[in-house]
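Before we start, here is the structure in question, set down as structure tokens.
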Amino acid sequence: MSTQIQCSQHGHAGAAYVCSHALEAFRHGSVSSFYWTDADKPEPCGWCHECHQRYLSAGEEWAGEAEEKLEAQLVCEHCFRDIIKFNGYT
């Protein structure tokens with residue numbers, strides 16, 4: 001079972017995390033590349049292209065600079081799916 005949070009838009013929902021860069025792009029209406037873990041699993045995570053490049057450079061681990069610059073932000077699972085759809089993915 002995933003952690004439950006209270007979202008101002010969607011009410012009581014499961015937790016998800018996105019990098020601060022992807023969340024800011026979404027809030028400002030900027031479409032960007034977006035990578036994510038399985039959205040149907042508890043507490044999915046998503047990140048922007050720049051974070052993905054740092055992740056790859058760190059040997060596909062969230063360590064060092066990749067982890068530091070991720071700046072993960074808590075969002076609800078519905079907002080997470082909205083970010084995926086906004087960026088043109090299904």
Side-chain angles (χ1 to χ4, degrees):
M1 179 175 186
S2 70
T3 302
Q4 297 291 299
I5 64 169
Q6 185 66 31
C7 175
S8 61
Q9 184 176 0
H10 298 105
H12 195 70
Y17 297 90
V18 296
C19 75
S20 61
H21 321 105
L23 185 56
E24 280 301 307
F26 175 70
R27 287 180 175 160
H28 289 100
S30 301
V31 175
S32 63
S33 295
F34 188 69
Y35 304 82
W36 67 93
T37 60
D38 188 342
D40 293 324
K41 299 253 181 184
E43 299 184 19
C45 300
W47 55 93
C48 69
H49 180 72
E50 289 78 16
C51 284
H52 188 69
Q53 293 305 307
R54 286 189 287 272
Y55 169 77
L56 293 176
S57 294
E60 297 186 17
E61 292 187 25
W62 293 111
E65 185 181 26
E67 183 179 26
E68 291 168 16
K69 296 206 176 192
L70 181 67
E71 300 175 16
Q73 303 293 307
L74 178 66
V75 298
C76 87
E77 62 190 331
H78 304 292
C79 288
F80 186 82
R81 291 178 196 282
D82 290 346
I83 293 170
I84 292 171
K85 289 177 190 171
F86 175 79
N87 285 299
Y89 304 102
T90 57

Task: Parallel, tilted or perpendicular, as decided by the 30° and 60° cut-offs, for the rings of His78 and His10 - done: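 Answer is tilted, since the angle falls between 30° and 60°.
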Task: Taking every non-hydrogen atom, the tightest pair across Pro44 and Thr37 - done: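 Here Pro44 and Thr37 meet closest at CA-OG1, 3.4 Å.
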Task: Worked verdict on Ser32 versus Asn87 for side-chain contact (heavy atoms from CB on, under 4.5 Å) - done: CA-CA 6 Å; Ser32 63; Asn87 285 299; 3.7 Å; yes
Task: Spacing of SG belonging to Cys79 relative to CZ belonging to Phe86, to within rounding of 0.5 Å - done: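 So the gap between those two atoms works out to 13.5 Å.
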Task: Student check: side-chain heavy atoms of Arg81 and Asp40 closer than 4.5 Å - done: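 Side chain of Arg81 against side chain of Asp40, heavy atoms only: contact under 4.5 Å found.
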Task: Side chain to side chain, Lys69 and Arg54, heavy atoms closer than 4.5 Å - done: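 Lys69 reaches Arg54 side chain to side chain.
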TODO: Give me the ring orientation class for Trp47 and Tyr55: parallel if the planes are under 30° apart, tilted from 30 to 60°, perpendicular past 60°.
DONE: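 Ring orientation of Trp47 relative to Tyr55: tilted.
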TODO: Determine the minimum heavy-atom distance between Gly46 and Phe80, stating which atoms define it.
DONE: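 In this case the closest contact between Gly46 and Phe80 is N-CE1, 3.4 Å.
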Open item on the list: Would you say that Trp36 contacts Tyr89 through its side chain, given a criterion of any heavy-atom pair below 4.5 Å between the two side chains?
Closed with: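 When only atoms from C-beta onward are counted, Tyr89 and Trp36 do touch, with a gap below 4.5 Å.
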Open item on the list: I need the His12 NE2 to Cys76 SG distance, nearest 0.5 Å.
Closed with: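 Interatomic distance, His12 NE2 to Cys76 SG, rounded to 0.5 Å: 11.0 Å.
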Open item on the list: Could you measure the distance from the CD atom of Glu71 to the OG atom of Ser20? Nearest 0.5 Å is fine.
Closed with: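 Answer rounded to 0.5 Å: 3.5 Å.
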TODO: Rounded to the nearest 0.5 Å, what's the gap from CD on Gln73 to NE2 on His21? Could you check?
DONE: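 Here the rounded value is 9.0 Å.
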TODO: Using the side chain to side chain contact (heavy atoms under 4.5 Å, CB included) rule, pick out the option among Leu74, Val75, Leu70 that qualifies with Tyr17.
DONE: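 Only match with Tyr17 under side chain to side chain contact (heavy atoms under 4.5 Å, CB included): Leu74.
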Task: From Cys51 atom SG to Glu65 atom CD, the distance as rounded to the nearest 0.5 Å - done: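 Rounded to the nearest 0.5 Å, the SG-CD separation comes out at 9.5 Å.
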Open item on the list: Has Glu43 got a side-chain atom pairing as donor or acceptor with Thr3's backbone, closer than 3.5 angstrom?
Closed with: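 Yes.
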Open item on the list: Tell me whether Val18 shares a hydrophobic cluster with Tyr35, the cluster being built from Ile, Leu, Val, Met, Phe, Trp, Tyr side chains joined at under 4.5 Å.
Closed with: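 Shared cluster, no.
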